Structure formats: C-alpha cells, structure tokens
Amino acid sequence: TLAPGFATHDVGHAPDGRIWITSGSGRELAVGGLVQPADLAPQHVTFGRGVAYVTSGDSGTLHVHAHDGRVLRRTPVPAGSYNVQFGHGLVITASLSQGTLAVLDRRGALLQVLRVAGSCHDACFLPL
C-alpha cells in the first residue's frame, strides 16, 4: 500500500520499477515514494525511454522528468490537456476544453497543435 499524503489522481508503474503518483487536488506528485512539487492538479503520467511525461491540464503544461523525478523540460500545451500518451517516438495530449491534440517529440518539444473536435478527452496510438 502506498500513501503519498495527498489525494491521488493517476498512478503509473515506470519501466525501472518506480511508482509515480499524481495528485487530484494539490501541486505535487510522488516518484518512488518521494513527494515533489508539480503544476496544478489533476496531473497525468506516461512513460518513454528513461523519462516520464506529466501533464497538468489546468496549468497547460507538459513536463519531461528524468527517471528520478528531476524536471528536464517544461513545455506549454493548450489548457485542458490532461491525458497523455507516448508512442512511436511522439507524445500526445488532448485538450478536453479546447478540442485540440498537441503533438510533441520525445524531448518534449511542441511540434504541432491540431484542432480535432469541440472537446477531446483522450487520444491513443495504434500498434504498427
């Protein structure tokens, strides 16, 4: 049982075995049991090669974290971009409030923002 000391929103199991827990109410997340600052809750997390991607839809940000939780990059994305996925060398996050899909490279650099609908909750990658 894990108890990070805050209301949990998303939980991810990183390839290196660490558990990442994002907050549903505060500006914090836990990486391997250690709590650290984050942007506005709620946040979501997904994993790439040696990194984690954490979004804050209310802050309109995507953070690229090292495996130990250090922030490597902070990129503005459309507000409402909560859910996040990594696949095929890209990161995508859909904006619930703006109906956009932000596409970023594996380093977290914003490549394109596409308007896809009036509202967009989530997106995923199809296997090749």
Side-chain angles (χ1 to χ4, degrees):
T1 302
L2 298 172
F6 54 80
T8 299
H9 186 75
D10 195 13
V11 177
H13 185 257
D16 70 1
R18 294 174 201 230
I19 302 295
W20 288 62
I21 302 172
T22 70
S23 176
S25 60
R27 296 178 66 125
E28 54 198 347
L29 65 98
V31 179
L34 299 174
V35 177
Q36 65 183 55
D39 279 347
L40 294 171
Q43 309 102 13
H44 286 261
V45 62
T46 193
F47 304 99
R49 289 188 183 160
V51 296
Y53 303 98
V54 177
T55 53
S56 167
D58 285 354
S59 292
T61 57
L62 176 131
H63 286 190
V64 181
H65 291 261
H67 66 88
D68 62 2
R70 288 176 297 115
V71 176
L72 302 173
R73 184 177 191 143
R74 179 183 187 274
T75 303
V77 294
S81 297
Y82 297 100
N83 294 306
V84 61
Q85 298 293 324
F86 174 79
H88 309 298
L90 297 172
V91 181
I92 56 175
T93 181
S95 173
L96 183 62
S97 59
Q98 297 189 28
T100 58
L101 180 68
V103 181
L104 302 97
D105 68 16
R106 70 176 62 245
R107 296 173 295 115
L110 185 64
L111 300 174
Q112 190 170 17
V113 175
L114 305 165
R115 177 155 307 281
V116 294
S119 177
C120 189
H121 182 269
D122 208 349
C124 65
F125 290 98
L126 292 173
L128 291 177

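No experiment lies behind these values; they were computed from the predicted model shown.
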Report task. Please round to the nearest 0.5 Å and tell me the distance separating atom OG of Ser81 and atom CD1 of Ile92. Result -> 11.0 Å

**Report entry** Heavy-atom check, side chain of Val64 versus side chain of Val91, under 4.5 Å
**Finding:** no

Query raised in the report: Do Asp122 and Tyr82 have side-chain N/O donor and acceptor atoms under 3.5 Å apart?
Result: no

Report task. Give a yes or no answer on whether the side chain of Tyr53 reaches the backbone of Arg106 with a donor-acceptor pair at less than 3.5 Å. Result -> yes

**Report entry** Validation row: Arg74, Asp39 side chains within 4.5 angstrom (heavy atoms)
**Finding:** yes

Query raised in the report: Distance-only, no hydrogens or angles: does the Thr55 side chain make a donor-acceptor pair with backbone N or O of Gly57 under 3.5 Å?
Result: no

Query - Asp58 versus Ala41, closest heavy-atom pair with distance - result: OD2-O, 3.1 Å

Query raised in the report: Is there a donor-acceptor contact under 3.5 Å from the side chain of Thr93 to the main chain of Ala102?
Result: no

Query raised in the report: Do His44 and Thr46 touch side chain to side chain, with heavy atoms closer than 4.5 Å?
Result: no

Query raised in the report: Below 4.5 Å, heavy atoms only, C-beta onward: do Val31 and His65 meet side chain to side chain?
Result: no

Query - Inter-residue atom distance Asp10.CG - Ile21.CD1, 0.5 Å rounding - result: 10.0 Å

Report task. Check whether any side-chain N or O of Ser56 sits under 3.5 Å from a backbone N or O of Thr61 as a donor-acceptor pair, and report yes or no. Result -> no

Query raised in the report: Mind checking whether Trp20 and Phe47 have parallel, tilted or perpendicular rings, split at 30° and 60°?
Result: perpendicular

Query raised in the report: What distance separates Gln43 CD from Ser59 OG, expressed to the nearest 0.5 Å?
Result: 8.0 Å

Requested in this report: Report yes if the side chains of Ser95 and Cys120 come closer than 4.5 Å at any heavy-atom pair, otherwise no.
Outcome: no

Report summary line: Value for CG (Leu101) from CZ (Arg115), rounded to nearest 0.5 Å, stands at 11.5 Å

Requested in this report: For residues Leu62 and Leu104, report the shortest heavy-atom separation together with the two atoms involved.
Outcome: CD2-CD2, 4.2 Å

Query - Euclidean distance, His63 NE2 relative to Thr75 OG1, rounded to 0.5 Å - result: 8.0 Å

Query raised in the report: To the nearest 0.5 Å, how far apart are CG in Leu96 and CG in Asn83?
Result: 8.5 Å

Requested in this report: With the side chain counted from C-beta on, respond yes when Arg18 and Asp68 share a heavy-atom pair under 4.5 Å apart, and no when they do not.
Outcome: yes

